[in-house]
Enquirer: 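The structure that follows is given in the form of structure tokens.
Naming: A, B, ... by sequence-line order, numbering from 1 per chain. This is a predicted model, so every value here is computed, not measured.
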Amino acid sequence: MTPDLSTDLGFLKLRNPILAASGTFGYGLEFTQFMSLAAVGGIVVKGLYYGPREGNPPPRLVETAGGLINAIGLQGVGVEAFAADVLPKLRAAEATVIANVCGADDDEYVRVIEFLDRQEGLAAYELNISCPNVRRNGLCPALRPETTRDLVARCKAASRRPIIAKLSPNVTDIAEIAAAAEAGGADAVSLINTLLSLAIDARTRRPRLANVLGGLSGPAVKPIALRMVYQAAAAVRIPVIGLGGITSGEDAAEFLIAGARAVEVGTANFVDPTATVRIARELSEFCAREGIARSADLVGTLGKGGHGTLAR
Amino acid sequence: MTPDLSTDLGFLKLRNPILAASGTFGYGLEFTQFMSLAAVGGIVVKGLYYGPREGNPPPRLVETAGGLINAIGLQGVGVEAFAADVLPKLRAAEATVIANVCGADDDEYVRVIEFLDRQEGLAAYELNISCPNVRRNGLCPALRPETTRDLVARCKAASRRPIIAKLSPNVTDIAEIAAAAEAGGADAVSLINTLLSLAIDARTRRPRLANVLGGLSGPAVKPIALRMVYQAAAAVRIPVIGLGGITSGEDAAEFLIAGARAVEVGTANFVDPTATVRIARELSEFCAREGIARSADLVGTLGKGGHGTLAR
Amino acid sequence: MRQEPAARIALRQSWDDYVLLRLEAPDVAAEARPGQFLMVRVGETLDPLLRRPISLHAREGGSLEIFFQVAGRGTALLAEKEEGETLDILGPLGRGFDLEADFHGRRAVLVGGGRGIAPLFYLGRELRAKGADVKVLYGGRSLRDLPVRDKFAADGLDIACATDDGSFGRPGFVTGLLEAEIARRAPDALFVCGPDPMMRAAAGIAAAGRIPAQISLESLMGCGFGACWGCVKRIVRGDGGRWRKICEDGPVFPAGEILWEGAE
Amino acid sequence: MRQEPAARIALRQSWDDYVLLRLEAPDVAAEARPGQFLMVRVGETLDPLLRRPISLHAREGGSLEIFFQVAGRGTALLAEKEEGETLDILGPLGRGFDLEADFHGRRAVLVGGGRGIAPLFYLGRELRAKGADVKVLYGGRSLRDLPVRDKFAADGLDIACATDDGSFGRPGFVTGLLEAEIARRAPDALFVCGPDPMMRAAAGIAAAGRIPAQISLESLMGCGFGACWGCVKRIVRGDGGRWRKICEDGPVFPAGEILWEGAE
Ligand SMILES: Cc1cc2nc3c(=O)[nH]c(=O)nc-3n(C[C@H](O)[C@H](O)[C@H](O)COP(=O)(O)OP(=O)(O)OC[C@H]3O[C@@H](n4cnc5c(N)ncnc54)[C@H](O)[C@@H]3O)c2cc1C
Ligand SMILES: Cc1cc2nc3c(=O)[nH]c(=O)nc-3n(C[C@H](O)[C@H](O)[C@H](O)COP(=O)(O)OP(=O)(O)OC[C@H]3O[C@@H](n4cnc5c(N)ncnc54)[C@H](O)[C@@H]3O)c2cc1C
Ligand SMILES: Cc1cc2nc3c(=O)[nH]c(=O)nc-3n(C[C@H](O)[C@H](O)[C@H](O)COP(=O)(O)O)c2cc1C
Ligand SMILES: Cc1cc2nc3c(=O)[nH]c(=O)nc-3n(C[C@H](O)[C@H](O)[C@H](O)COP(=O)(O)O)c2cc1C
Ligand code: FES
Ligand code: FES
């Protein structure tokens, strides 16, 4: 029996619950030499501002223990070039495409959405309200419930497509932020974006990143991501999309168990360009091995703690 | 020329800036077989409640990528046994001892301090207002500026010794919390405590820790810790003690450069019981190699980002 | 207790997923006793982060042997080490078996399941040296899980085997072998190491027969020397049971002190 | 461009902190061109996390050679690999050198500094096969930094060396050798790989002599195939300079397109 990996987010049906995370999968086209884009649940393309963006000066990356700090600063082609040059190819590749929407201010988010709303071939928008690499000191709308709710509400009102609010882990109370996104009308939340971080070169006594601060991703952050997904899933009724450090099918299963309906794979794509399809396959194998007919049956099934507990 | 590692916290002079972090160095006595306790700047002993504590049921530990999640739950002997059985031995070992003070409520913190104030041989108190493993859902006083300020102020008023407030990384704005601790009268802040985390066994679909949630420490969290130390140091005038993932002398130097006047070494002690003395030696070697006469000269010297930046 | 950052691997043997390594570590060996263990660094980088606990399998002069089964990532990395490479070890750790009593002419039965056989070779030799009459019972799923059975016999230790699948020795659990052994001739002391259910059953058998039994427990260990409080199990010492550190107070406990987990 | 998770190491040579590995990877080799590179996994665990970029040093039938210097943790781990072990590689990546022009009878001067010599062996052979008259200039701090100098000569490639400390060849930087070479006979094309200051100086010399030069840049690479945007440098293509991906648009660029870093 082949396990059924099909995933229903309510507003969107996916072949399987494995999506490629924004900023780690380019515009998708870089990966067509390695894999079929139709083999994964979907791809979230690199963050899009309205116009083309320079991004931050290099160095933009630092490798850390089990992790990666980046301060790319959302270099990108802008929506017009994306619609003209990229989207037709993605449509041809039969990819389920989610656009990652950015803005220097609230108005820009809306302008990006209004432009993309006129294009075909997009399944949803993921609002990147949580990028720590653009404003000073890692500030972003997803740090406060009010700014989260208001921005989501504006985008939702402007959009003909479903809205996924991508949340920041750099907060005291993720449940509160997730609830604010829901209150603003988000169709789903995805989390986590990267953790605001600093790396220093002790010899030069300078930051390793030109941007000083950057965002930490990769296996190092998985335990934090899993906790936040668990807390967010308990706080909202809309679907939760989980990510942060997923490198294997079993990692993906853990996020489903914690309450995510789908997951995104980020940094792992850099090490293994076919990580998304491999993880989908491994998830299928995991389900088969454990006798789970549908991967959806895993969602939100975390049992009680206390194995190892004695009866007292 | 041997670099001068002596460290002045204002309220306390240390042989060198390397302290052992609370909960990772037992009561210090476990380590006397490996090293002289007088060889390090000081030791912060395991968290003390007033009475003895059971701690959480096992499993209490999970190893993660470059990190460790723990939910020990502050098992300990309580202040009376500590004063009777442990403190005299630590005094005999000529260790600089800092007590890590815990409380189920604000009153207990004060009671612990009042009791310890009557004992000799303690250099300061580190208020553990940031342990994620005791209350439900990781709640602790250090998550809010008000509770931080109020608790620090109460403890400070009750204490004849200097107070170090140990901060939680599970917050949106560490600068604000550090400032609150300073406003409450803290003589120093130390950070970071562990990051609230979850690990799941996909096969059993149960949390790997009996306590469900635990705290992440170790090299995986170093980039986050370094960022927070940098932000906190910019926000307060009192000394900052930095920790989180330090495993080498160069790591220690990075924290000093970020603005810490001293550092604590935690998880690294489990892998290398002499980690504290080794790190002190490596820091000395680092200073010698780089021509730095006093390790204190490193403190807060982070230069600008932008190596690799082009003139544009 | 010492840290030996570069114990040379003088010998490596392997059978399927079982591996034996002989380590040159005279300082550690000089302090070693049966039932004690090492904390072994399995890699050079920060992942895996923690050392792994492995029992002392034998002492040969200034060398120590360890015998382990590949159970996960850490032991898999350890299994890749080759002769001539070095290992970073910490030890000897723990209290080991209590051999204070006079064992002369006494009958000691050692019960090992799977990788739990590891400490019993060293123990068997030591008990024999103390004049005990030693019998080793060695159980595993299948013949391939009994790789060191001949080693005991070659060393002159009386050994009997059991396999769950009946492929070698007595069919069934090693506890069946233990019951038969007790029926034949009651031992004066039992020493047990293996999977929890096996040790629990053996503890029950010992209690029923009023035979003093020492049990070597396993636990997830953060440090191995008492600093992390991560390895605790419920141990009763006239106090209704408290979380005690397996690494420091154990890993060997009198069977009567152990409160077994509710759910198995 | 392919992923080869188990390219067997058929040969390993080393000199101090320089290592050469020959990898059996027919599928990757079939697509390879000089100036392209591999992304190599240096460990099996999650630390180090990322692959490391290493140039193609030679193609020998279905095998590829890499030649690298231990620069840090990752290359140190790579240096420990032995013959018979396998490497997980991704490649060939990047565009490599532009060899579209007609090189027949043309004089090509290849300038390599330190580990930057790596891609020039493959390139030198290929240029020779295209009928070029090839001269290799190889610079290093000291004699011990020129481990593959004899390899070029043995292959019939004309090579001259320079060392900063004068321990071998012409004393001084390899750029001095380049200036002397140009003074002797102006090349038709320059190909340069080495430390940034050396490449920058070589680019200056090329510009002054109006000699077309191709420069192979290094950069910190997250992925190596265009997905992470981590490897950018300022490249001018009639647009005043934009951050372009070294892995995808390079690593080789015409000297005139490179905007060198302000601070050195
Ligand atoms: C005092 C002591 C002595 C030991 N002596 C030996 C020995 O001589 N030979 C031998 O083969 N093994 C021995 N073990 C068990 C050995 O330590 C574990 O198999 C090993 O740590 C697993 O690490 P891993 O990275 O391979 O597996 P992981 O990937 O960490 O885990 C694999 C599985 O093993 C479980 N596990 C992990 N660590 C332990 C542990 N410490 N105890 C029990 N289960 C664990 C995990 O929950 C998981 O299910 C001993 C354990 C202790 C506590
Ligand atoms: C396209 C390309 C081809 C290369 N080909 C070769 C080759 O054939 N032979 C060879 O010896 N080296 C080559 N390198 C350089 C090699 O990739 C680095 O030396 C290696 O990645 C360093 O990794 P590490 O873990 O050993 O060092 P780390 O510990 O990561 O770093 C050590 C030092 O090297 C610097 N560094 C790290 N990565 C790079 C990098 N990619 N470029 C420049 N500096 C870096 C760091 O900032 C640090 O100062 C190439 C680099 C690129 C981009
Ligand atoms: C190099 C890089 C670029 C990223 N760019 C974006 C982006 O454009 N938009 C966005 O929402 N997230 C971006 N992210 C965050 C990832 O989508 C993801 O949230 C994060 O990396 C955690 O997942 P991971 O641990 O699987 O990588 C980026 C991450 C990395 C490493
Ligand atoms: C097993 C364990 C127990 C801990 N117990 C305490 C404690 O009792 N009091 C406290 O303030 N911090 C405690 N901590 C947190 C550490 O002191 C430290 O803040 C944290 O581990 C980060 O530092 P590290 O990455 O160097 O370990 C504990 C950490 C660990 C791993
Ligand atoms: S393993 Fe750390 S206290 Fe026992
Ligand atoms: S290395 Fe990732 S885009 Fe170039």
Enquirer: Relative to chain D, which segment of A:F25 carries a heavy atom at a distance below 4.5 Å: side chain, backbone, both, or neither?
Expert: backbone
Enquirer: Any chance the rings of A:F270 and D:F225 have centres within less than 6.0 Å?
Expert: no
Enquirer: Can we call the ring centroids of D:F97 and D:F191 under 6.0 Å apart?
Expert: yes
Enquirer: Would you verify whether the NZ or CZ of D:K233 falls within 45 degrees of the ring axis of D:W243 while also being under 6.0 Å from that six-membered ring's centre?
Expert: no
Enquirer: Would you mind checking which part of D:L50 comes under 4.5 Å of any heavy atom in chain A, side chain (CB onward), backbone (N, CA, C, O), both or neither?
Expert: both
Enquirer: Who among D:M39, D:M221, D:Q3 has the most heavy-atom pairs with chain A under 4.5 Å?
Expert: D:Q3
Enquirer: Could you tell me which portion of D:P48 (side chain, backbone, both or neither) has an atom closer than 4.5 angstrom to a non-hydrogen atom of chain A?
Expert: both
Enquirer: Assess the side chains of D:T45 and D:D47: does a donor N or O sit below 3.5 Å from an acceptor N or O?
Expert: no
Enquirer: Quick one: what part of A:T267 sits under 4.5 Å from any heavy atom of chain D, side chain, backbone, both or neither?
Expert: side chain
Enquirer: For the residue pair A:L283 and A:L256, establish whether any side-chain heavy-atom pair is separated by less than 4.5 Å.
Expert: yes
